[in-house]
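What you see is a predicted model, and the numbers here were worked out from it, not measured in a lab. Below, all heavy atoms of this structure are taken into account, side chains as well, without hydrogens, waters or symmetry copies. Throughout, protein chains are lettered first and strands after them, A, B, ... in sequence-line order, and every chain is numbered starting at 1.
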Amino acid sequence: MLIATWNVNSVRTRLSQIINWIKEVNPDILCLQETKVIDDAFPSSHFEELGYEVIIHGQKSYNGVAIISKFKIENVKKGFTNENKTGGISIDINEQKRLISAEINGLKIINVYVPNGSSIDSEKYDYKIQWLNYLSAFLDDQVKNDDLVCLVGDFNIAPSEIDIHTPQKYEGGIMASKIEREALNNVLKGRFIDSFRIFEKNTGHWSWWDYRNNAYELNKGWRIDHIYISKNLSSKLKSCVIERNQRENLQPSDHAPVLINLEIDSHYEDYLDVDDDLFEI
DNA sequence: ATGCCCCCACATTGGGGA
């Protein structure tokens, strides 16, 4: 079972690239971030034509998340369903559309677009930490011990210095600060595994390259897009790859997809009716 | 480097992203 995450930086601008990649890779579940479109204008039909079901949680211009699945999608939750148990400033944490979750083929799929935070002295940084604290409480509420969980998305955090092209320049700054990493660790609470690091221990592997400064051509990237799986799925994890060739498309997203292969039984009665001819070249 | 690029919208400039 192939599960992917991709910050596409506008689903409408990137639609043909996403469709081409789906036809090439044939993922079972694709989680999108930064769709940047209201639900009524989401191009669902293009995915449904390929045999996928689509759930969306979007807004105008900014943010927006979606899950595209070959399997029946159940128990859909849009935004946080928990109250704020973390204290802090009074905010409507669901105003920005950054979280969508559901149950698919026996898995709990949680798709997040964590706020960037701008810089560590910004109000947006406080919002980012607050948002991560909500996510931690949400997982406490939603995830039971034996649940099979995939927590995926754009986290806007490099988990360690080996996830940054020039750590000595960026360590301690936005996406690389101690407080952000502690907030992320509090979300994971030792109950999740970073799929990518099961297979690759070295630096030099990125999922995001800034549009500016010729960053991709210079391979100056960060690894900020992650697929975390619950520990009870670890024996099923067969691979995790970053599809960096998608960053070489014409008018690419600044992020590349991240893809895992989980060897789990499929509930074929839940499988949507797919015309296999659509995936032939 | 307060710059760079890219997306969106009450658009031809400004806000936001990472």
Full working for side chain to side chain donor-acceptor pair (under 3.5 Å) between A:Asn26 and A:Lys70: CA-CA 10 Å; A:Asn26 200 13; A:Lys70 282 192 195 175; 2.5 Å; yes
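- When distances are taken from the side chain of A:Ser61 to each of B:dA18, B:dC7, B:dA9, the shortest belongs to B:dA9.
- Between the C1' atom of B:dC7 and the OH atom of A:Tyr113 lies a distance of 11 Å, rounded to the nearest Å.
- Within 4.0 Å of A:Tyr216, counting heavy atoms only, lies no atom of the nucleic acid at all.
- Look at the P atom in both B:dA18 and B:dT13: the space between them is 26 Å, to the nearest Å.
- When each of A:Thr35 and A:Arg98 is assigned the nucleotide of DNA chain B with its nearest heavy atom, A:Thr35 is the one assigned upstream, toward the 5' end.
- For A:Ser118, no side-chain nitrogen or oxygen approaches OP1 or OP2 of B:dG17 to under 4.0 Å.
- Here the side chain of A:Lys124 is nearest to one of B:dG17, B:dA18, B:dC8, namely B:dG17.
- Using atom P as the reference point in both B:dC6 and B:dA11, the two lie 23 Å apart (nearest Å).
- Ring-centre distance between A:Phe155 and A:Tyr113: not below the 6.0 Å cut-off.
- Here the nucleotide nearest the side chain of A:Tyr62, chosen from B:dG15, B:dC10, B:dC7, is B:dG15.
- Across the protein-nucleic acid pair, A:His255 atom NE2 and B:dG17 atom C1' stand 9 Å apart, rounded to whole Å.
- Atoms CD1 (A:Ile174) and P (B:dG17) sit 11 Å apart, rounded to a whole Å.
- Closest to the A:Lys60 side chain, of the nucleotides B:dG17, B:dA9, B:dC7, is B:dA9.
- Taking atom P in both B:dC7 and B:dT2, the straight-line distance is 25 Å, to the nearest Å.
- In this entry the distance linking CH2 of A:Trp131 with P of B:dG17 reads 14 Å, nearest Å.
- One atom, NZ of A:Lys220, and another, P of B:dC5, lie 15 Å apart when rounded to the nearest Å.
- Between A:His226 and A:Phe196, the distance separating the two ring centers is not shorter than 6.0 angstrom.
- For B:dC6, the OP1/OP2 oxygens have no side-chain nitrogen or oxygen of A:Asn9 closer than 4.0 Å.
- Rounded to a whole Å, the CD atom of A:Gln17 is 13 Å from the C1' atom of B:dC7.
- Taking side-chain N and O atoms only, A:Arg223 has no distance below 4.0 Å to OP1 or OP2 of B:dA18.
- Side-chain atoms of A:Tyr211 lie closest to B:dC6 of the nucleotides B:dC7, B:dC6, B:dA18.
- The separation between A:Gln33 atom CD and B:dA18 atom P is 10 Å, rounded to whole Å.
- A 6.0 Å sphere centred on NZ of A:Lys169 holds no more than 12 heavy atoms belonging to other residues, nucleotides or ligands.
- Counting any heavy atom pair closer than 4.0 Å across all strands shown, A:Trp222 reaches no nucleic acid atom.
- Backbone-only contact: A:Asn7 has heavy atoms under 4.0 Å from sugar-phosphate atoms and none from a base.
- Distances shown here put a side-chain N or O of A:Ser10 below 4.0 Å from the OP1 or OP2 atom of B:dC8.
- For B:dC10 and B:dG15, the C1' atoms lie 14 Å apart once the distance is rounded to whole Å.
- Rounded to whole Å, the distance from CG on A:Leu218 to P on B:dC5 is 13 Å.
- Taking side-chain N and O atoms only, A:Arg14 has no distance below 4.0 Å to OP1 or OP2 of B:dC6.
- Formation of a donor-acceptor pair under 3.5 Å by the A:Thr35 side chain with backbone atoms of A:Val11 is not found in this model.
- Taking atom P in both B:dG14 and B:dA1, one finds a spacing of 25 Å when rounded to whole Å.
- Centroid-to-centroid, the aromatic rings of A:Trp222 and A:Trp209 stay 6.0 Å apart or farther.
- Each of A:Asp210 and A:Val37 was matched to the nucleotide of DNA chain B holding its nearest heavy atom; the match closer to the 5' end belongs to A:Val37.
- For A:Lys144, the NZ atom sits in a packed shell: over 12 heavy atoms of surrounding residues, nucleotides or ligands are nearer than 6.0 Å.
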